[in-house]
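Nothing fancy with the numbering, it's 1 onward along the sequence. Computed over heavy atoms, backbone and side chain alike; hydrogens, waters and symmetry mates excluded.
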Amino acid sequence: MTETQHSNGEPVNAQRLDAAQVRTGAAPTSPLPGAREDRQTPPPGPESRAWSALLANKRRLLGVSLLIVLLGAGTAFIGALMWPPVYAARAQILFEIGEEKSTGFLREDRSLTTQLVLLRSRQVLGPVADQERLPVEELEQTVTMSLLDSSEVLQVEARAGNPDVALRRTREIVDRYRDVARTNSESGVDGYVLENLAGVQAQRAEANAQVSRERAVPGSPSLAAAEALARGLQQREQQLQSQLDQLSMTQLARSEPKVVVPAYSVTDPVSPRPMFATAAGAVAGLLVAAVTAVLLVRRWSTR
């Protein structure tokens, strides 16, 4: 704010002079040479304020962030120690792909996938759940079936709060699976062939008796027809017998699941895992600390 002096030496405020000039319509006067002018420094932008707040409070931010991370990791670790342990039992089953089935990678993969589906089916788990007096849905959540390293070995794993219970359930699942797989592998074709063979043998015995009666009659006109019928039935019997032998050989060569590793208990609990829970808690605490730091810096920068 500039000041001038009258001829009598009294200071006169420049703003009053300007106001008077506006009322009288006089032109405004420029400030006198050498007079000082008020200049306002522009306020800092939001980014510079946030950066200044971060630098000024970096120790506080570091301490708060470290505290949040430690709290997250410690809470997760204590929770893992207090959580009831879960034990597991495992068994391994070998399902070999027979030569009559091994017609390519896709066929082998489909056969093994079928066995995994059968292991998870209610046809296998249903009776086991009834024995354990559990709902099938609850049992399905505690069992895992997998194929080991792209091999022909299927692994069954059952989990429970008691290692003996987990071991018992694993054995029951394996035994039930073998029974179902053996029942499904039995084909109804051999029974059909046996039924036809028995019928042909009965017809052939009747035809042979008819031939004997016709031969007892000298010059019988039906002898040739009876002998032809008996020969035809004999050939049919031989064909059916050959088919039955082939089915028997196929049945012997058919793949059946074999238990290569009987059910055993895993020594250490599979859940909870304190170290894994601690790491997960630390990561969660780090995320919370990052959000908290952003909010604190924004708050400090607005002061």
Side-chain angles (χ1 to χ4, degrees), residues 84-190 246-277 279:
V86 177
Y87 298 90
R90 297 168 184 163
Q92 295 178 3
I93 305 171
L94 175 64
F95 185 82
E96 294 180 331
I97 306 297
E99 294 182 358
E100 75 281 356
K101 294 183 180 181
S102 180
T103 57
F105 173 77
L106 293 178
R107 182 66 178 272
E108 294 178 8
D109 183 70
R110 188 181 301 111
S111 299
L112 294 173
T113 303
T114 302
Q115 298 306 312
L116 288 176
V117 173
L118 180 60
L119 270 169
R120 300 188 184 101
S121 66
R122 296 202 171 199
Q123 190 177 6
V124 173
L125 298 182
V128 177
D130 294 339
Q131 293 179 4
E132 295 293 327
R133 297 180 180 179
L134 289 175
V136 181
E137 294 78 7
E138 182 177 346
L139 181 62
E140 290 175 347
Q141 295 176 358
T142 60
V143 297
T144 304
M145 288 76 176
S146 59
L147 188 63
L148 293 182
D149 299 331
S150 301
S151 63
E152 298 178 350
V153 178
L154 308 174
Q155 179 171 278
V156 180
E157 178 181 298
R159 299 176 298 277
N162 188 298
D164 295 335
V165 175
L167 182 62
R168 183 181 68 246
R169 292 178 183 176
T170 304
R171 288 173 178 170
E172 292 174 353
I173 292 173
V174 171
D175 294 341
R176 177 60 184 173
Y177 162 71
R178 295 185 65 189
D179 294 340
V180 173
R182 190 179 300 110
T183 302
N184 292 342
S185 65
E186 294 178 356
S187 175
V189 178
D190 50 357
Q246 292 179 1
L247 289 174
S248 299
M249 294 299 296
T250 303
Q251 186 72 22
L252 292 176
R254 180 173 294 144
S255 299
E256 289 188 2
K258 302 175 184 178
V259 179
V260 293
V261 178
Y264 66 95
S265 297
V266 180
T267 305
D268 299 328
V270 295
S271 177
R273 292 178 288 179
M275 299 306 298
F276 179 80

Donor-acceptor list for residues 127-136 side chains, cut-off 3.5 Å, not counting sequence neighbours:
residue, atom, partner, partner atom, Å
E132, OE1, R168, NH2, 2.9
E132, OE1, R169, NE, 3.4
E132, OE2, R168, NE, 3.0

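Atom-to-atom distance recorded for L148:CG and I93:CD1 is 10.5 Å, nearest 0.5 angstrom. Summarising the geometry, atom OG1 belonging to T113 is positioned 12.5 Å from atom CG belonging to L118; distances are rounded to the nearest 0.5 Å. Rounding to the nearest 0.5 Å places CG of D164 at 6.5 Å from OG of S265. How far NZ of K258 is from CG of L94: 6.5 Å, rounded to the nearest 0.5 Å. Within the model, atoms CZ of R178 and CD1 of I173 stand 15.0 Å from one another, a figure rounded to the nearest 0.5 Å.
In terms of heavy-atom proximity, S151 sits nearest to L112 at O-CD1, 3.5 Å. The shortest non-hydrogen separation linking Q115 to L154 is CB-CD1, 3.7 Å. Contact detail for V165 and A160: the closest heavy-atom pair is CG1-CB, 3.9 Å. The two residues Y87 and G161 make their nearest non-hydrogen contact at CD1-O, 3.5 Å.
Partners of E137 according to the side-chain hydrogen bond (donor to acceptor under 3.5 Å, both in side chains) rule, which considers only residues two or more places apart in sequence or in another chain, are R122. Residues meeting the side-chain hydrogen bond (donor to acceptor under 3.5 Å, both in side chains) test with R176, sequence neighbours left out: none.
With a 4.5 Å cut-off on side-chain heavy atoms, T170 and R90 do not count as touching. Within the 4.5 Å cutoff, no side-chain heavy atoms of V156 are placed close to those of Y177. Residues E157 and V266 are not in side-chain contact: their nearest non-hydrogen atoms beyond the backbone lie 4.5 Å or more apart. Side-chain atoms of V153 and L147, non-hydrogen and from C-beta on, never get closer than 4.5 Å to each other.
In terms of modelled atom types and a separation under 3.5 Å, the side chain of R159 and the main chain of V86 share no donor-acceptor contact.
With respect to S121, the side-chain contact (heavy atoms from CB on, under 4.5 Å) criterion is satisfied by exactly one of L119, L125, V124: V124.
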